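Each remark here refers to the structure printed beneath this line.
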Amino acid sequence: MFSSSLKAMNRSMIQKIVAGSVATTGLTASYLLYQDSMSASAMTAAEHGLHPPAFGWSHNGMFDSFDHASIRRGFQVYREVCAACHSLDRIAWRNLVAVSHTTSEAKAMCEELEYDDEPDDEGKPRKRPGKLADYIPGPYENEQAARAANQGALPPDLSLIVKARHGGCDYIFSLLTGYPEEPPAGVVLPPGSNYNPYFPGGAIAMGRVLFDDLVEYEDGTPATTSQMAKDVTTFLNWAAEPEHDDRKRWGLKALVIVSSLYLISIWVKRFKWQPIKNRKIRFDPPKK
Amino acid sequence: MSFLRDLIESVVPAAYAEEPEEEEEEVEESTEESSEEATEESEEDDDEDEDEDDEDEDELVDPLVTLSEECASTEACKPFNHHFHECIERVTKESEEEGYAEKHYKEDCVEEFFHLQHCINDCVAPRLFHKLK
């Protein structure tokens, strides 16, 4: 019945109705899209954070190991500056041995600290000087204490921080050195926060901590802000990837061995196949 | 790419022109001369830290700061710097006007700042680590 009534209608009338509805739908959609785009504030550049540039880290290359002098300086920076707020839970004193410090140096450092010992005969808790196997203690007892001391912000544990942030070393270095003298005009920061363009959102609870001459390096390296940031980032990268140097050495060995095995396998294949590939099948028809 | 570079470097001994270090040496020499002239301070410093370089006698200059300043004034970054300062001027002027607090949309200079920083970073990043230890 419906089709018959359609047929009854004028053909040009139908065309007009279709064209009209298409036009209204299209116009409404474009108007709505335009209106939506006017108020689009889903993700601004500030929320992404400034992307750090790629710096020439000495351990960047495929066969490059860490700069261990830098790790040692970086540990000094961590200990004198960062350790006031940040823990380093996954690194024990023994990990430093043969990486940045000698056994006796590491022992001397941990023996300065007191750790919980087994209780005595009456069950009273005791303390003992640290051992190499002890982990580096954090500045706070627990998360609540850390937040209370930092206006509600939790300083993250630094053991894996290089792996835990986009941009890795470049990001950490840029973050440490990237505090501008004042935030760009028009930026409103929540109370208790500082402006750092590299931090997504721009408002970071940590203030600038590295200033020229803050630490005195034992090897006499000038302690500029960028030098300290580079050293501490190298140190943190080592903390996040202690296997780094070994991994690259194994990679090199694997490359050498696997590629020579590959070449040998090609040679063996050709050797084995040579008689088969080179044989000639001849058919001598029987003579009558 | 770095793999290839590593291989090439391991086969062919490469020598790098270490301009920055030479410059530093020159600076050291000149500071030595100046320190000889102005004796007192530097002597004290030398007593304090014997094995430190002469470089950080009085003031330590962060190569990052000098490089950034240098880069901000290059031809490539000038337009960004110009836009950034223009934006600061505009926003500061706007913020002093009446009724700024009730405004629906308040401009900030973050994007201009990011563009400038990107430009500076691209110029600083390849050079900075040659100046650090």
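Below, read A as the first sequence line, B as the second, and so on, with proteins coming before strands; counting in each chain starts at 1. Computed from a predicted structure; not experimentally measured.
At a heavy-atom cut-off of under 4.5 Å, chain A is reached by no residue from residues 66-74 of chain B.
Looking at B:Leu128, the atoms closer than 4.5 Å to chain A (heavy atoms on both sides) all sit in the side chain, from C-beta outward. With a 4.5 Å cut-off on non-hydrogen atoms, B:Phe114 touches chain A through its backbone and its side chain both. For A:Pro180, the part lying near chain B is the side chain, with the backbone staying farther off; criterion is any non-hydrogen pair under 4.5 Å. With a 4.5 angstrom heavy-atom cutoff, A:Ala54 touches chain B only via backbone atoms. Only the side chain of B:Phe84 comes within less than 4.5 Å of a heavy atom of chain A; its backbone N, CA, C and O stay farther away. When heavy atoms are compared at a cutoff of 4.5 Å, A:Ser70 does not approach chain B at all. Heavy-atom distances place the side chain of A:Tyr198, and not its backbone, under 4.5 Å from chain B.
Here the side chains of B:Val110 and A:Val187 are in contact, with some heavy-atom distance below 4.5 Å. Inter-residue side-chain proximity for A:Asp231 and B:Leu132 is flagged as unmet; no heavy-atom pair is nearer than 4.5 Å. Using a 4.5 Å heavy-atom cutoff, the side chains of B:Val124 and A:Pro53 are not in contact.
The distance from the NE2 atom of B:His115 to the CG atom of A:Leu50 is 10.0 Å, given to the nearest 0.5 Å. The CG atom of A:Leu214 sits 11.5 Å away from atom CG of B:Leu60, with the distance rounded to the nearest 0.5 Å.
Ring geometry, B:Phe129 versus A:Phe55: the interplanar angle falls under 30°, so the pair is classed parallel (tilted spans 30 to 60°).
Most heavy-atom pairs under 4.5 Å with chain B: of the set A:Ala69, A:Ser174, A:Gly56, this distinction falls to A:Gly56. Top candidate by heavy-atom pairs under 4.5 Å with chain A, chosen from B:Asp108, B:Val61, B:Asn121, B:Asp62, is B:Asp62.
Counting only distance, with no hydrogens or angles, the side chain of A:Lys230 and the backbone of B:Lys133 share a donor-acceptor pair below 3.5 Å.
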